[in-house]
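None of the values given here were measured: they were computed from a predicted structure. In what follows, every chain begins at residue 1, and chains take the letters A, B, ... in the order their sequences are listed. Computed over heavy atoms, backbone and side chain alike; hydrogens, waters and symmetry mates excluded.
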Amino acid sequence: GAVVSQHPSRVICKSGTSVKIECRSLDFQATTMFWYRQFPKQSLMLMATSNEGSKATYEQGVEKDKFLINHASLTLSTLTVTSAHPEDSSFYICSATSAGGPSNEQFFGPGTRLTVL
Amino acid sequence: GQSLEQPSEVTAVEGAIVQINCTYQTSGFYGLSWYQQHDGGAPTFLSYNALDGLEETGRFSSFLSRSDSYGYLLLQELQMKDSASYFCAALYAGNNRKLIWGLGTSLAVNP
């Protein structure tokens with residue numbers, strides 16, 4: 001149980017285009033979903049926290065107009081990287097906590113590797 | 001601010017025991033988690049300590065001392081497949097219970 005999927009797993013796009021990444025909890029309802037980015041050999045950096053039906057809470061330094069988050073249901077959150085540039089190339093990972101489980105455990109999706117040319 | 005410190009690299013041999021330490025700042029601290037991440041993969045949950053003491057799960061154990069703002073992950077009977085990055089992450093009280101992550105410890109297990 002507690003499976004989280006992400007789509008796509010890998011995307012290559014041209015500079016200036018927008019990219020949407022989906023995060024789904026497959027077998028549980030997610031109280032909260034988190035979006036991270038991770039550069040090679042570095043730690044996870046929390047970008048934002050989202051709850052179903054409410055606005056996402058962005059971490060300091062993360063541009064909310066550039067990284068649009070929509071949490072449409074208890075099983076789906078999307079991250080849209082708008083007008084992507086090469087410096088946005090990174091590994092984007094989502095995680096979720098279960099409405100029926102301990103809030104300390106986050107279940108992670110497999111990640112999306114974004115390359116902006 | 002809130003931050004966690006852990007060693008950047010550890011090397012060990014198969015069958016050995018390794019301890020990865022983590023110190024954290026206390027403001028609003030709720031509990032300490034440990035995650036494992038293999039290259040190119042997503043983090044996977046290993047353990048969580050909210051109370052002082054040792055939690056054992058198979059070959060892995062985790063310890064917390066709230067008075068010392070310190071915890072560790074103990075890996076026993078190391079196997080080659082344990083080569084990965086290990087992150088401590090602190091759960092802080094407040095909205096959404098977000099995790100604050102350490103920078104990670106890269107563990108290399110050699111034959």
As an exercise, state the distance from OG1 of B/T44 to CD of A/E105, rounded to the nearest 0.5 Å.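 Answer rounded to 0.5 Å: 10.0 Å.
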Are more than 12 heavy atoms, taken from residues, nucleotides or ligands other than [X], located less than 6.0 Å from that residue's [atom1] atom?
| X | atom1 | value |
| --- | --- | --- |
| B/E14 | CD | yes |
| B/Q79 | CD | yes |
| A/H7 | NE2 | no |
| B/D39 | CG | no |

Does any backbone or side-chain atom of A/Q60 lie under 4.5 Å from a heavy atom of chain B? Answer side chain, backbone, both or neither.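 Contact with chain B: none, neither part.
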Please flag which part of A/L46 lies under 4.5 Å from any non-hydrogen atom of chain B: side chain, backbone, both or neither.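 When you check distances to chain B, only side chain atoms of A/L46 fall under 4.5 Å.
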Atom of A/Q42, atom of B/F87 and distance for their closest heavy-atom approach: O-CZ, 4.1 Å
What pair of heavy atoms forms the shortest contact from B/A42 to A/P110, and how long is it? CB-CA, 3.9 Å
Which residues pass the side-chain contact (heavy atoms from CB on, under 4.5 Å) test with B/L51, sequence neighbours left out? none
Taking side chain as C-beta onward, heavy atoms only, is A/T32 less than 4.5 Å from B/K98?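 A/T32 vs B/K98: side chains apart.
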Is any side-chain heavy atom of A/Y36 closer than 4.5 Å to one of B/L99?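 SC-SC contact between B/L99 and A/Y36 confirmed.
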B/Y30 portion near chain A, given a 4.5 angstrom heavy-atom threshold: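 For B/Y30, there is no contact with chain A at all, as no heavy atom is under 4.5 Å.
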Under a 4.5 Å side-chain heavy-atom rule over Ile, Leu, Val, Met, Phe, Trp and Tyr, are [X] and [Y] clustered together?
| X | Y | value |
| --- | --- | --- |
| A/L79 | A/M33 | no |
| B/V10 | B/L78 | yes |
| B/Y72 | B/L64 | no |
| A/V19 | A/I69 | yes |
| B/I20 | B/I100 | yes |

Interface residues of residues 101-109 of chain B facing chain A - heavy atom cut-off under 4.5 Å: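 When heavy atoms of chain A are the reference, residues 101-109 of chain B contributes B/W101, B/G102, B/L103 within the under-4.5 Å range.
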Using a 4.5 Å heavy-atom cutoff, which residues in residues 86-95 of chain A come close to chain B?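 Hits under 4.5 Å: A/F91, A/I93.
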Report the C-alpha distance between B/F45 and A/F108 in whole Å, list the side-chain angles of each, state the deciding distance to 0.1 Å, and finish with yes or no for ring pair (Phe, Tyr, Trp, His ring centres under 6.0 Å). CA-CA 9 Å; B/F45 175 81; A/F108 283 82; 9.8 Å; no
For residues 78-91 of chain B, which residue pairs qualify under salt bridge (Lys or Arg N to Asp or Glu O under 4.0 Å), counting only residues two or more places apart or in two chains? B/R59-B/D82
Considering only heavy atoms and a distance below 4.5 Å, find which of A/K41, A/Q38, A/M45 pairs most often with chain B.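 Ranked by contacts with chain B, first place is A/Q38.
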